[in-house]
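Because only heavy atoms are used, hydrogens play no part in the values below, and waters and symmetry mates are left out as well, while side chains stay in. Small disclaimer: the values here were computed from a predicted structure and weren't measured. So that the names make sense, note that chain A is the first sequence line, chain B the second, and so on, each numbered from 1.
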Amino acid sequence: MSTTISTEWVSICPDQDLLANTGLCALLDGEQVAIYKINPNPAYSQDLYAISNYDPIGKANVLSRGILGNIGDHLVVASPLYKQHFDLISGECLEDPEQRVKTYEVRRFNDEIQLKKTV
Amino acid sequence: MSKQRIIVVGNGMVGHRFIENLMDSPSADNLEVITFSEEPRLAYDRVQLSAYFSGSTAEDLSLTSEGYYQERGVNFVLNDKVVSINKSEKYVVTASGREEPYDKLVLATGSYPFVPPVPGKDQDHCLVYRTIEDLEAITDSAKTSKVGVVVGGGLLGLEAASALKNLGLKTHVVEFAPRLMAVQLDEGGGKLLRRKIEDLDVTVHTEKNTQEIVPGETCRYRMNFADGSILETDMVLFSAGIRPQDELAREFDLEMGERGGIVINNQCQTSDEDIYAIGECALWEGRIFGLVAPGYTMAKVAVSHITGGTEEFTGADMSTKLKLLGVDVASIGDAHGNTPGAQSYVYNDEVNEIYKRLVVSEDNTRLLGAVLVGDVEAYGNLLQLKLNDMALPDSPETLIAPAIGDAPAMGVDALPDTAQICSCFDVSKGAICGAVQNGCTDMGAIKSETLASTGCGGCAAMVKQVMDSELENLGVEVCNDICEHFAYSRQELADIIRIKGINTFDELLSEHGSGLGCEICKPAIGSILASYSNEYILKKEHIGLQDTNDVYLGNMQKDGTYSVVPRVPGGEITPEKLIVLGEVAKEYDLYTKVTGGQRIDLFGAQLHELPEIWRKLIDAGFETGHAYGKSLRTVKSCVGSTWCRYGVQDSVSMAVAVEDRYKGLRSPHKLKMAVSGCTRECAEAQSKDVGIIATENGWNLYVCGNGGMRPRHADLFATDLDDETLIKYVDRFFMFYIRTADRLQRTSVWLENLEGGLDYLREVIIDDKLGICEELESEMTKVVGTYQCEWKTTIEDPEKLKRFSHFINADEPDSNLAFVEVRGQRRPATDEEKITAIEIVE
Ligand code: SRM
Ligand SMILES: Cc1cc2nc3c(=O)[nH]c(=O)nc-3n(C[C@H](O)[C@H](O)[C@H](O)COP(=O)(O)OP(=O)(O)OC[C@H]3O[C@@H](n4cnc5c(N)ncnc54)[C@H](O)[C@@H]3O)c2cc1C
Ligand code: SF4
Ligand code: FES
């Protein structure tokens, strides 16, 4: 019996290409992933987050281009199309909880931003 | 049951209000209403009549529409006068011979201008001031006149004088009494008013008794006065008081007052119980009420009585506050101190030309009356003290003394719920508080819920005070906070940023905010920072604040692509540039459309294409058009005097100049301008935030127009400006708006919410009342001096360009994009088309 490594990390871009307080879109195995960096903040354990780039309400691949912030306890991005908020940790849409976008694991490794492949 | 038939004679302000109230009553369905008007149109706002001279049309003044009457099933007959009443058989007959039976007859015939019986009064250019037709006659006469005389120095006379002055006539006012506005003002107030009016180049002649009007020597006519003096004039406008229009009562035997007026009781019934009289024709307890508010109250009482209610007319307050020839004047109650034992406090500031007098009761505990000239801010408070018979504060003089430190505020809390706040619509304090309790939290909501402040507007400040205080009482913080991250309004944030010289969002957040921010505060603060420091908006400190449109310097479309809108100042473009636009559009297969703003929009560019497209455009001499920004959009122009045979100024050059000046200026909402070369207004400047219309002598400046969802005609702000003054005013206007407006508030809404309105705005921008004009101008100079084309800066910065690709780690385009062809160009595919076609046009 051998343990298969079911996930692996993929480098996306140098850390410095992602400015604090903004997002970018990456292609990961044919999926569009929005990666965000927030300003370091004691209230949050990390500064990198990743969710699907597809806005299920506006029906376009645009979430990486939204404005970041918090609404109460939720760390969110506001869709640039119609301004619904998506929670960066759970992927849930605050205005319409039925709509949930996929979340991804993201990290900083050797000054690179990496996404974890999903199987 | 057959319907009760009601005839309303006269469709003036009060007659119309009567019908409106009647239609709103529960019995409306059981009534058949018919109204006759001697005038050729349905009711209009006589109170605002003078606005006709500053550009309002008959339509603007109209209080209703034929559609409204038809919808409510109210019959109306225009241009037909009721000439007789048959009281026993209950019908009326009109001039055209029409006979109509009634169950109840309502006389709302108003009044007519009194013309003293001087020989010569019936000549062509001897006119009166009451109807729209009168105004047309005055305008016509002014065309061939240089000098005009108003006979009568009362309230209406001074309003008429203002009109003549606006028409460009050398204006005189001739008054029989020793002072102006003798009814409303005491000697001190009248004297100051005279001085102020004479400063405006209107000559005032008091104690003049006109004997005759004869042919003149230097002018068309000569007026001979009883004291032997004379005055030459081309036009005479009589405004020597009004007389109740009581002809019908006189001829058909209803009880009349000795000096005219149709006698009514507390139910507004005349001596015939089925005939009512309301408005200026009615005489109650020996008094005629020459103001509209008491007329409205009568209308309400009459409706109540006819429909079985119990309301009564118990007199009305005749206090007034108005602006005459730009001078603020107010009079309350017993202005002359005629009450036995009355005492006065007087404040007379000859330097700043302010006069105030308080008339108080013998025991110094009650306000009896007041006169205010030059500064009427105290009016609202004083009026409430008087109307509600409230106890005066310990030192009543503080009510009129100039504010040293904090003025003693008379809290609206002290008012009883029954206190009438808006007299035009009889709205009480209680009603406003009720509206607040039902969820109205801003003036807009209060206005539409209660109608308060939608008439003459004089009560606006008071209404707002009541609203705010009630909100506070309810524990609703009057919350103007921009969002959860900053406990400040946009204006307060702008002040903090400006005064503390803050340059970044993070600085502001750590010192004055909490949390991370959001899509509300970030762009708003980004915009304020840009208005003052005007740094490149994609600098790393600012980029996270921008909406996607600003981040990618284009407007995001529904499919995530962007549009490209280069600036075309004034709409003027060379053939070479047009060709470049065509070539670029062809190369990138961009859908091309001429916009509503006189320029060209190229749609469907993908992120990675934007920098290449803009490089080509910039090489050809284009700049960004800021179609994406809350900033200056376009300055529309008409072709103007260079080509157009009617043009009186070079509107294109002016449009290009102002577009170049204000391009890139970031503001609370987008800004639009236009310049027309003559009064035909082909550039539609009156629908813009700032509109400029050429005149023979320079430019007329209009402000705060809006197209869009709620169109608003711009207001005429200043006339015949030279180029330099024009730019100065626009600089100040824009910066003042940027400083004080709410986020996403267009100038139109801003002005409507600005306390003091257009007059106040003029005082700030033209008279520099706040002493900030120099600062505003220098702020604008800085913005103009630091302009950069954001696209040019961007394509020169390789770091910034990295962001312009759909994927940071792949060169592929967004696979979700799909287009279909329409009329020779491509457009985004709909969802259905995407599913069925899946044919991706690259
Ligand atoms: C392209 C254009 C329509 C066209 O094909 O002609 C247009 C397109 C848009 N308009 Fe407009 N407006 C365009 C002229 C106008 C005009 C006409 C004018 O400027 O003379 C008006 C009415 C005038 C006015 O603003 O007072 C106009 C009133 C609006 C409004 C309503 C504003 C309001 O105060 O009610 C919005 C919504 C908003 O700004 O909140 C709006 C918003 C928009 C937006 C930005 C909507 C959006 O967020 O996507 C559209 C994006 C354009 C794009 O992607 O480039 N657009 N829009 C016109 C661009 C003019 C230009 O050259 O810059
Ligand atoms: C220039 C000006 C400025 C004013 N400013 C103010 C102000 O600031 N504040 C204020 O409170 N008031 C002001 N007023 C007064 C205000 O306009 C009147 O109080 C108000 O219009 C009275 O309304 P009403 O319906 O009684 O009379 P009107 O509005 O005069 O209406 C009477 C109508 O009846 C018609 N009519 C008369 N007889 C007959 C008939 N036999 N058959 C058919 N129709 C007939 C008349 O033609 C007229 O249309 C101003 C008036 C003027 C002229
Ligand atoms: S506004 Fe006047 S000058 Fe301009 S195009 Fe029209 S008619 Fe000609
Ligand atoms: S008092 Fe005239 S609108 Fe309220």
Contact origin within B:Leu545 toward chain A - heavy atom pairs under 4.5 Å: backbone
Closest contact, heavy atoms only, B:Cys521 versus B:Cys518: SG-N, 3.3 Å
Contact class of A:Leu75 relative to chain B, heavy atoms under 4.5 angstrom: side chain
Using only the distance criterion (under 3.5 Å, no hydrogens considered), which donor-acceptor pairs connect chain B with chain A?
from, atom 1, to, atom 2, distance (Å)
B:Glu484, OE1, A:Gly72, N, 3.1
B:Glu484, OE2, A:Gly72, N, 2.9
B:His485, NE2, A:Asn70, O, 2.9
B:His485, NE2, A:Asn70, OD1, 2.6
B:Asp506, OD1, A:Asn39, ND2, 3.3
B:Asp506, OD2, A:Asn39, ND2, 3.2
B:Leu516, N, A:Asn70, OD1, 2.8
B:Gly517, O, A:Asn70, N, 2.9
B:Glu519, OE1, A:His85, NE2, 2.8
B:Glu519, OE2, A:His85, NE2, 2.8
B:Lys522, NZ, A:Asn21, OD1, 2.9
B:Lys522, NZ, A:Leu68, O, 2.7
B:Asp547, OD1, A:Lys83, NZ, 3.2
B:Gly560, O, A:Arg65, NH1, 2.9
B:Tyr562, OH, A:Arg65, NH1, 3.0
B:Lys802, NZ, A:Asp17, OD1, 3.0
B:Arg803, NH1, A:Thr22, OG1, 3.4
B:Arg803, NH2, A:Gly23, O, 3.2
B:His806, NE2, A:Gln32, OE1, 2.8
B:Ile808, N, A:Cys25, O, 2.8
B:Asn809, OD1, A:Leu27, N, 2.9
B:Asn809, ND2, A:Leu27, O, 3.0
B:Asp814, OD1, A:Gln32, NE2, 2.9
B:Asp814, OD1, A:Asn61, ND2, 2.8

Side chain to side chain contact (heavy atoms under 4.5 Å, CB included) against B:Ala605, all qualifying residues, sequence neighbours excluded: B:Val564, B:Leu590, B:Glu609, B:Leu610, B:Ile613
Backbone of B:Arg666 reached by a side-chain donor or acceptor of B:Ser531 within 3.5 Å: yes
Donor-acceptor contact below 3.5 Å, side chain B:Glu492 vs main chain B:Ser489: yes
Working for side-chain contact (heavy atoms from CB on, under 4.5 Å), residues B:Lys670 and B:Arg633: CA-CA 7 Å; B:Lys670 58 194 174 188; B:Arg633 295 288 170 83; 3.2 Å; yes
pair A:Leu63-A:Phe86: side-chain heavy atoms closer than 4.5 Å: yes
Part of A:Leu24 within contact of chain B (heavy atom distance under 4.5 Å): side chain
Contact summary for B:Ile482 and B:Ala524, nearest pair of heavy atoms: CD1-CB, 3.6 Å
Contact class of A:Ala43 relative to chain B, heavy atoms under 4.5 angstrom: neither
Residues in ring-ring contact (aromatic ring centres under 6.0 Å, His included) contact with B:Trp791, at least two apart in sequence or another chain: B:Trp614, B:Phe804
Chain B interface, residue from A:Cys25, A:Ala60, A:Pro80 that has the most non-hydrogen pairs under 4.5 Å: A:Cys25
